[in-house]
Each structure stands twice: as C-alpha cells, then as structure tokens.
*Asks:* 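Let me begin by handing over the structure; questions about it come next.
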Amino acid sequence: MPELPEVETTRRGILPHLRGELVSNVIVRNPAMRWPIEKNVNRITGMTITGVSRRAKYLLIECSAGTLMLHLGMSGSLRVCQPDIPLKKHDHFIMQLKNGTELRLHDPRRFGAVIWHEGAINDHSLINHLGPEPLDHDFHADYLHRSCRDRKTSIKQHIMNGKVVVGVGNIYASEALFRSGIHPKRLAGRISKPRLERLVDEIKSVLDEAINQGGTTLRDFLNESGQPGYFKQRLAVYDREKDRCISCAGTIRRIVISNRSTFYCPTCQK
DNA sequence: AAAACTACCTGAGTGC
DNA sequence: TGCACTCAGGTAGTTT
C-alpha cells in the first residue's frame, strides 16, 4: 500500500503522539508478519521514545537503547488511539504508552514487519544496501545518470529499485514518468542526461506534493487518525486506464511491467 | 553483476 | 449465493 508519501504522512502523524512518551507494554496479537515478530520487541518496554524517523519505507521508532523498525508492506497502516476503541481483525501489533494511548499496526496482508534493532540503523541488513532518499540532495541528475549507464532494464523498474533510489513505488513511478514525458518501458541506459535531470526533478516534486496532500488513498490507506490522503485526485495516470490524458486528451493506457500495472499516455511519453 | 522470477497473504471485485 | 478467478500501494531471496 504505502509508498514514501504515505509512510512520511504516517511518521509526521504519529511523531507528536510518541515523542517523549514511555512505553508501558507491547502486545503481539499475530506474529506471522513477513518475518515472525521476535520476542525481543519486548525490550522496548520501559523505554522512552526519543523520536520517529524514516529511512526508505521503514518507520524508525527511536529509543535511547535501540530502534523499533516498522514496515507497512502493501496493506499496513498505523493508528494512534485510546485502548477502549474496539480492535480490528488485523490489528497485529500494539505498543501501549504510559499516558494511556496506544499505537496499533493494522495489516490485512501481513507483508509488513516489526523488528527490534540495537546499534546503528545503517548497520542493519535491511537498510545498509539501500540507495539515497529521493528528497535528499545526494539524489541528483549526475547520480541517476551514472546509475543508468549500460542498464538494460526499463526506466520504471530502475527507479523502483531500492538500490538506486528508495521510496518510489508503483504509483509514483508511473506519475513521475508521465510528468517527465518518458515512456515507462524505455531502457534506463538509453535516456539522455537532460531527460534524466527532468525525471529527478519530477520524482522530487510528485513525492513532495503527495506528502503535502497526506498521501494517496486508493483503497485502504489511512493516516494515524484514520483519515484518508487526498493525492488520488491529483493522479494523472495511475489507475486511470481508458481515461482522458490531462495534457493531450488522448487515452491513458495500462501495460504490465514485471507483473506490476503501469499507466502512461502513449502520446505524451516517448 | 544484472535481470528475471518466486514467494509471502487477505480481501475486493468480476463473471459465470 | 457460491465458486473460480484476477488484482492490489512491497521487497527479500533464488535462479538464470
């Protein structure tokens, strides 16, 4: 479900509820996530949360002696609420705070993850191979151009590859390519530098705008208060097969690239 | 090394 | 109503 804007929206939403609070208990209702939730997540009990950060699509709940890493997978969402709100079927993990509120991880498909890590986060094997953050200064045209060199994969797969750049998922890959006028199947190694420059700019701006709109709710993404995001109204191509292109009034097409739906305008994107 | 493919899981929607 | 089938926002791990 969530790409970078949805994870960042969640981070900003939960941060004021968690920062400075003491963890009184954790409850694992169903440990069968992408990897089994280990018993060591209990170590956060009694600790004070110092911050909530994000690396790629991982949310990092930071304490002085370790970090609780959360991933929302395809269908995960977090909710901060009072304990008397009825639990949902797929509320698999709960972190209770001494102030009486609790954080609930809801994830029907269970592709998400809950991991306790002590030590530097960049040492973790799920983090240490990742490319730059798309909104950071080290993701720039020179870098993307170099990374594309001699690559025989499609540009869409390339920008969705976390070793190249993190956080660009299936929605925003299609959107950024539309904004850049680049056909999603074009080989990464066969795109001129000026066009990649444009692509870098459009990746940054589409993610930035989506964050400002609270993310995209297609089916079930909700923020920490249970509210949807509003970027869906601004999607130019994603999930708009057979609709009119907002730029040329042609017809949006759906194709499949490595088993993922891909939307583009055949007139505007070459 | 890079590219292609598999696997994990539930639920909503469609067509018969 | 029920069954069979497709599709969905991710990504580690395996195979080619």
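We name chains A, B, ... by the order of the sequence lines, and we start the count at 1 in each one. Every value quoted in this text rests on a predicted model; they were computed, and no experiment measured them.
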*Asks:* Could you tell me whether F231(A) contacts a base, only the sugar-phosphate backbone, or nothing, with contacts defined as non-hydrogen atoms closer than 4.0 Å?
*Replies:*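 No contact.
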*Asks:* Please set out all donor-acceptor pairs under 3.5 angstrom arising from side-chain atoms of residues 80-93 of chain A, sequence neighbours excluded.
*Replies:*
{"from": "D91(A)", "atom 1": "OD2", "to": "K88(A)", "atom 2": "N", "distance (Å)": "2.8"}
{"from": "H92(A)", "atom 1": "NE2", "to": "H90(A)", "atom 2": "O", "distance (Å)": "3.3"}
{"from": "H92(A)", "atom 1": "NE2", "to": "D107(A)", "atom 2": "O", "distance (Å)": "2.9"}

*Asks:* Can you tell me how far C1' of dG10(C) sits from CG of L72(A), to the nearest Å?
*Replies:* 11 Å
*Asks:* Tell me, please, which residues at least two apart from F178(A) pass ring pair (Phe, Tyr, Trp, His ring centres under 6.0 Å).
*Replies:*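 Partners of F178(A) by the ring pair (Phe, Tyr, Trp, His ring centres under 6.0 Å) criterion come out as none, since no residue qualifies.
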*Asks:* Donor-acceptor pairs under 3.5 Å, side chain of residues 59-68 of chain A to any protein atom, not counting sequence neighbours: which ones?
*Replies:*
{"from": "E62(A)", "atom 1": "OE2", "to": "S53(A)", "atom 2": "OG", "distance (Å)": "2.6"}

*Asks:* Taking both distances under 3.5 Å as the test for a Watson-Crick or G-U pair, what stems of at least three pairs does DNA chain B have?
*Replies:*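 Paired runs of 3+ in DNA chain B: B:2-8 with C:10-16, B:10-16 with C:2-8.
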*Asks:* If you take any heavy atom closer than 4.0 Å to DNA chain B, which residues from residues 145-155 of chain A end up in contact?
*Replies:* R151(A), K152(A), T153(A)
*Asks:* How many whole angstroms separate atom CG of N259(A) from atom P of dT6(C)?
*Replies:* 13 Å
*Asks:* Applying a 4.0 Å non-hydrogen cut-off, can you work out what K89(A) is touching in the nucleic acid: base, sugar-phosphate, or nothing?
*Replies:* sugar-phosphate
*Asks:* So, OP1 or OP2 of dA8(C): does either fall under 4.0 Å of a side-chain N or O from R254(A)?
*Replies:* yes
*Asks:* Rounded to the Å, how far apart are R34(A) CZ and dA12(C) P?
*Replies:* 6 Å
*Asks:* Which nucleotide sits closest to the side chain of S261(A): dA12(C), dC7(C), dG10(C)?
*Replies:*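 That would be dC7(C).
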*Asks:* Should R254(A) and D239(A) count as an ion pair when the cut-off is N to O under 4.0 Å?
*Replies:*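 Salt bridge absent between R254(A) and D239(A).
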*Asks:* What is the distance, to the nearest angstrom, from the NE2 atom on H158(A) to the P atom on dA3(B)?
*Replies:*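 Value for this atom pair: 9 Å.
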*Asks:* Nearest-Å distance, CG (N161(A)) to P (dT11(C))?
*Replies:*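 One finds 11 Å between P of dT11(C) and CG of N161(A), rounded.
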*Asks:* How would you list, by chain and number, every residue that makes a salt bridge (charged side-chain N to carboxylate O under 4.0 Å, His left out) with R253(A), sequence neighbours excluded?
*Replies:*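 So R253(A) forms no salt bridge (charged side-chain N to carboxylate O under 4.0 Å, His left out) with any residue.
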*Asks:* Roughly how many Å is it from CG in N30(A) to C1' in dC9(B), rounded to a whole number?
*Replies:*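 Interatomic distance, CG of N30(A) to C1' of dC9(B): 11 Å.
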*Asks:* Return the value, rounded to whole Å, for the distance between atom NE2 of H92(A) and atom P of dT10(B).
*Replies:* 9 Å
*Asks:* Would you indicate which nucleotide in dA12(C), dG9(C), dA8(C) comes nearest to any side-chain atom of H129(A)?
*Replies:* dA12(C)
*Asks:* With sequence neighbours excluded, give me every ring-ring contact (aromatic ring centres under 6.0 Å, His included) pair touching residues 56-76 of chain A.
*Replies:* Y58(A)-H71(A)
*Asks:* Tell me if the CZ atom of R190(A) is crowded by more than 12 foreign heavy atoms within 6.0 Å.
*Replies:*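 Not more than 12 within 6.0 Å, no.
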*Asks:* Using a cut-off of less than 4.0 Å, is there contact between a side-chain N or O of Y172(A) and OP1 or OP2 of dG10(C)?
*Replies:* no
*Asks:* Going by salt bridge (Lys or Arg N to Asp or Glu O under 4.0 Å), name the pairs with one or both residues in residues 169-188 of chain A, residues two or more places apart or in two chains.
*Replies:*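 Qualifying pairs, neighbours excluded: R179(A)-E209(A).
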*Asks:* Mind running a 4.0 Å heavy-atom check of residues 107-120 of chain A against DNA chain B and sending the residues that fall below it, in number order?
*Replies:*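 Within this stretch, P108(A), R109(A), R110(A), F111(A) sit under 4.0 Å of the strand.
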*Asks:* Counting just side-chain N and O atoms, does R260(A) come under 4.0 Å of either OP1 or OP2 of dC7(C)?
*Replies:* no
*Asks:* Between dA12(C), dT10(B), dA8(C), spot the one nearest the side chain of H90(A), thanks.
*Replies:* dT10(B)
*Asks:* If you count every heavy atom of other residues, nucleotides or ligands that lies below 6.0 Å from H129(A) atom NE2, does the total exceed 12?
*Replies:*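 Buried by this count: over 12 neighbours within 6.0 Å.
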*Asks:* Nearest of dT6(B), dA4(B), dG9(C) to any side-chain atom of Q157(A)?
*Replies:*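 For Q157(A), the side-chain atoms sit closest to dA4(B).
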*Asks:* Return each pair, listed once, that meets salt bridge (Lys or Arg N to Asp or Glu O under 4.0 Å) where at least one residue sits in residues 39-52 of chain A; pairs must be two or more places apart or across chains.
*Replies:* R43(A)-E118(A)
*Asks:* Could you state the atom-to-atom distance from CE of M33(A) to C1' of dA12(C) in whole Å?
*Replies:* 15 Å
*Asks:* Mind checking ring pair (Phe, Tyr, Trp, His ring centres under 6.0 Å) for H145(A) and listing every partner two or more places apart, or none if nothing turns up?
*Replies:* none
*Asks:* Can you list everything that forms a ring pair (Phe, Tyr, Trp, His ring centres under 6.0 Å) with H117(A)? Sequence neighbours excluded, please.
*Replies:* H124(A)
